[in-house]
Amino acid sequence: LPRGSCGRPAGPRSVIPGWGGGEYVFIHFCSGPRRSDDLSAAVERDCAMHGLPVVCLAIDPVNDPTQDLLLEEFLHKLYDIVRARRAIGGHGGPPCATFSRSRHRRLPGGGGPRPLRARAHVWDPLEHLTKREKQTAVVGTVLALLVIGLLGEIASSGGTVSLEHP
């Protein structure tokens with residue numbers, strides 16, 4: 001892990017709730033609510049077993065409405081953490097509801113949500129959608145691209161990253 005002068009961690013101070021600023025972080029984007037057996041808990045547990053001071057930031061507006069990647073100020077705070085080389089890793093699972101392949105399969109009886117994207121053009125909403133469906137698809141696209149960008153920044157700083165869907 002990178003160190004500042006006097007062997008102390010370098011980087012921004014307390015800019016995200018749950019993080020004191022001195023520990024390194026693993027950022028779990030679009031994490032959903034924290035659970036005792038989730039990825040964040042496993043990373044914290046494994047790091048603690050090896051004596052590494054790592055805090056997992058479970059980023060999701062479900063957990064805290066101020067932790068929304070669509071809020072510019074919050075997004076800049078995350079980039080500050082990453083660019084200060086405080087993030088040793090990250091994982092992202094952008095909202096799967098708009099990318100899910102299950103939308104392309106009809107449920108018995110013909111029910112279920114309809115597709116919002118074409119398989120050949122996953123970043124764009126289908127033209128025949130309602131205004132609300134298009135907005136949902138666009139928000140899903142923006143969140144996916146933001147997560148991919150943040151994971152890329154973490155990786156380019158030497159961190160380990162992973163991405164699940166889309």
Side-chain angles (χ1 to χ4, degrees), residues 1-103 105 113 116-117 122-123 136-166:
L1 300 175
R3 295 294 212 193
S5 61
C6 303
R8 299 174 76 178
R13 303 304 280 163
S14 193
V15 294
I16 303 288
W19 181 54
E23 308 91 352
Y24 290 95
V25 297
F26 179 92
I27 306 174
H28 188 181
F29 299 101
C30 306
S31 64
R34 286 292 304 254
R35 297 169 307 283
S36 62
D37 61 347
D38 68 4
L39 175 65
S40 295
V43 169
E44 286 177 337
R45 182 181 57 248
D46 289 352
C47 288
M49 285 178 12
H50 295 284
L52 300 172
V54 174
V55 170
C56 286
L57 300 178
I59 305 300
D60 197 308
V62 168
N63 301 329
D64 180 344
T66 67
Q67 294 185 353
D68 187 337
L69 295 177
L70 299 177
L71 298 174
E72 187 175 357
E73 182 179 347
F74 181 70
L75 185 63
H76 285 293
K77 289 178 181 182
L78 289 173
Y79 270 107
D80 288 345
I81 291 170
V82 171
R83 291 183 177 145
R85 302 179 69 88
R86 305 303 301 154
I88 63 163
H91 174 78
C96 60
T98 69
F99 288 98
S100 178
R101 63 190 247 183
S102 66
R103 284 184 168 270
R105 295 185 180 143
L116 300 181
R117 309 164 184 283
V122 297
W123 301 113
T136 299
V138 168
V139 167
T141 297
V142 170
L143 288 171
L145 293 172
L146 288 171
V147 168
I148 291 167
L150 283 157
L151 291 173
E153 289 281 337
I154 293 169
S156 70
S157 297
T160 300
V161 299
S162 58
L163 177 71
E164 63 181 272
H165 28 126

K.L.:
I need the full list of salt bridge (Lys or Arg N to Asp or Glu O under 4.0 Å) pairs touching residues 139-157, with sequence neighbours left out, sorted by first then second residue.
P.N.:
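Those involving residues 139-157 are R83-E153.
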K.L.:
Would I88 and L52 count as a side-chain contact (heavy atoms from CB on, under 4.5 Å) here? Give the steps.
P.N.:
CA-CA 11 Å; I88 63 163; L52 300 172; 5.6 Å; no
K.L.:
Sequence neighbours left out, what passes side chain to side chain contact (heavy atoms under 4.5 Å, CB included) with L145? Give chain and number order.
P.N.:
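With sequence neighbours excluded, L145 shows a side chain to side chain contact (heavy atoms under 4.5 Å, CB included) to W123, T141, given in chain and number order.
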K.L.:
Over all heavy atoms of both residues, which pair between L116 and A137 is shortest? Give the atoms and the distance, please.
P.N.:
CB-CB, 4.2 Å
K.L.:
Taking side chain to side chain contact (heavy atoms under 4.5 Å, CB included) as the definition, give me every residue that meets it alongside L71, ordered by chain and number, with sequence neighbours left out.
P.N.:
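Scan of L71 (side chain to side chain contact (heavy atoms under 4.5 Å, CB included), adjacent residues dropped) gives D68, F74.
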K.L.:
Once side-chain hydrogen bond (donor to acceptor under 3.5 Å, both in side chains) is applied, what residue pairs with a partner in residues 87-98 remain, sequence neighbours excluded?
P.N.:
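Of all non-adjacent pairs touching residues 87-98, those that pass side-chain hydrogen bond (donor to acceptor under 3.5 Å, both in side chains) are H91-S162, H91-E164, T98-R117.
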K.L.:
Return the CZ to CG distance between R86 and D80, rounded to the nearest 0.5 Å.
P.N.:
13.0 Å
K.L.:
Where is the tightest heavy-atom contact between L69 and L146, given as atom of each residue plus distance?
P.N.:
O-CD1, 3.6 Å
K.L.:
Is there any salt bridge (Lys or Arg N to Asp or Glu O under 4.0 Å) pair reaching into residues 138-149, and which pairs are they, with sequence neighbours excluded?
P.N.:
none
K.L.:
Between side-chain atoms of residues 25-33 and protein atoms elsewhere (two or more places apart, or another chain), which donor-acceptor pairs fall under 3.5 Å?
P.N.:
from	atom 1	to	atom 2	distance (Å)
H28	ND1	S40	OG	3.2
S31	OG	N63	ND2	3.3

K.L.:
Who passes side chain to side chain contact (heavy atoms under 4.5 Å, CB included) against P65, sequence neighbours left out?
P.N.:
none
K.L.:
Can you name the side-chain hydrogen bond (donor to acceptor under 3.5 Å, both in side chains) partners of T160, sequence neighbours left out?
P.N.:
none
K.L.:
With sequence neighbours left out, which residue pairs that include part of residues 40-59 fulfil the salt bridge (Lys or Arg N to Asp or Glu O under 4.0 Å) condition?
P.N.:
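Those involving residues 40-59 are R34-E44.
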